[in-house]
Amino acid sequence: MSAKIISGKDIAAQIREELKKEVEEMKEKHNVIPGLVTILVGENPASISYVTGKQKTAHELGFNSIQDDQPEDISEEDLLALVDKYNKDPQIHGILVQLPLPKHIDEKKVLNAIDPDKDVDGFHPVNVGRLMIGGKEAKFLPCTPAGIQELIVRSGFETKGAEVVVVGRSNIVGKPIANIMLQKGEGANSTVTVVHTGTKNLDEHCKRADILIVAAGVPGLVKPEWIKPGSCVIDVGVNRVGEKKSEKTGKMIAILRGDVDFEAAKEIAGAITPVPGGVGPMTITMLMKNTVKSAKTSAGIE
Ligand code: GUN
């Protein structure tokens, strides 16, 4: 039987609807508007596209959103001063500095300068620590892993006691999603294994997974025979494997492929995310969710 396709596009739209209502209520009852600033340094086309998407969504949800463009040659000192300005601005609840930054700027220094209570990316070491401690301590979950958890929960998979296998140990996906899924509580409480390039018998681990999360960045790494029948497969890979002419616009667009052999895997898994349209649409939505949370916390709204 063919797997249920987990549509990140549909689930993201559903969460955005919920957030829109929350924002309206915050405005009406408390006169609070979530404020998000996205800082873009230089003119990297991929970064412009990401930031534009974030700003568009923030506007749609009724945020007070600011796009702050800075020249490629801004000094590290000036960028740190800009971050500090937004740290002190009570109208701003979320600060995002789009990565990558130009080579003359120490990325870590800039990310660490963001007030952890406005760090809606969840990249600051304080928030990484809060996530590890878990429970109420966890403030901002990093957006892609938070989106993965939502996809699993909202598609009805039981996480408690489930064997979760995470392929990949990056700081932005592998390590945080492993930490999220092992926490005690709703939507987690799983038995987690993290496998990586140093793991022996990768296939044997994957075959045990009730929930398989793949974030390796290797197109088609996971073979259909590695998948447990009926399991939930979350493919985080977004690999450009070529170009094609868009049917809509006639322009050349990237052909994207995930880390899982989707066509074959969908005949074995119980549910699976497509690429594109799976994990991707969730990331921006979770950024919005973090910003709403930040605004509520700073205004003392439950
Ligand atoms: N560049 C690519 N993805 C991201 C992201 O999620 N956050 C930031 N700050 N920069 C990025």
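Because the structure is predicted, anything quoted here is derived from the model rather than measured.
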Donor-acceptor pair, [X] side chain versus [Y] backbone, under 3.5 Å?
{"X": "Gln149", "Y": "Gly187", "result": "yes"}
{"X": "Gln55", "Y": "Ile66", "result": "yes"}
{"X": "Ser190", "Y": "Val192", "result": "no"}
{"X": "Lys54", "Y": "Leu287", "result": "no"}

Looking at Lys207, I'd like to know if its NZ atom is crowded, meaning that more than 12 non-hydrogen atoms belonging to other residues, nucleotides or ligands lie closer than 6.0 Å.
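Buried by this count: over 12 neighbours within 6.0 Å.
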State, to 0.1 Å, how close [X] and [Y] come at their nearest heavy-atom pair, and which atoms those are.
{"X": "Pro100", "Y": "Ser47", "result": "CD-OG, 4.0 Å"}
{"X": "Ile253", "Y": "Ser246", "result": "CD1-CB, 3.9 Å"}
{"X": "Val167", "Y": "Cys206", "result": "CG2-SG, 3.9 Å"}
{"X": "Pro224", "Y": "Ala264", "result": "CG-CB, 3.4 Å"}
{"X": "Gly62", "Y": "Ile33", "result": "O-CG2, 3.5 Å"}

Check salt bridge (charged side-chain N to carboxylate O under 4.0 Å, His left out) between Lys56 and all other residues, then give those that pass, not counting sequence neighbours.
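Here the qualifying residues are Glu60.
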Answer yes or no: is there an ion pair linking Lys85 with Asp89, defined by an N-O contact shorter than 4.0 Å?
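Salt bridge flag = no for Asp89 with Lys85.
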I need the full list of salt bridge (Lys or Arg N to Asp or Glu O under 4.0 Å) pairs touching [range], with sequence neighbours left out, sorted by first then second residue.
{"range": "residues 218-242", "answer": "Asp210-Lys228"}
{"range": "residues 167-178", "answer": "none"}
{"range": "residues 71-82", "answer": "Glu76-Lys109"}
{"range": "residues 124-134", "answer": "Asp117-Arg130"}

Taking ILVMFWY side chains as joined if any heavy atoms are under 4.5 angstrom apart, and letting links pass through other members, which residues group with Val51?
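Listed partners: Leu40, Ile48.
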Pair Thr191, Glu163: side-chain N/O donor-acceptor within cut-off below 3.5 Å:
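Absent: no donor and acceptor within the cut-off.
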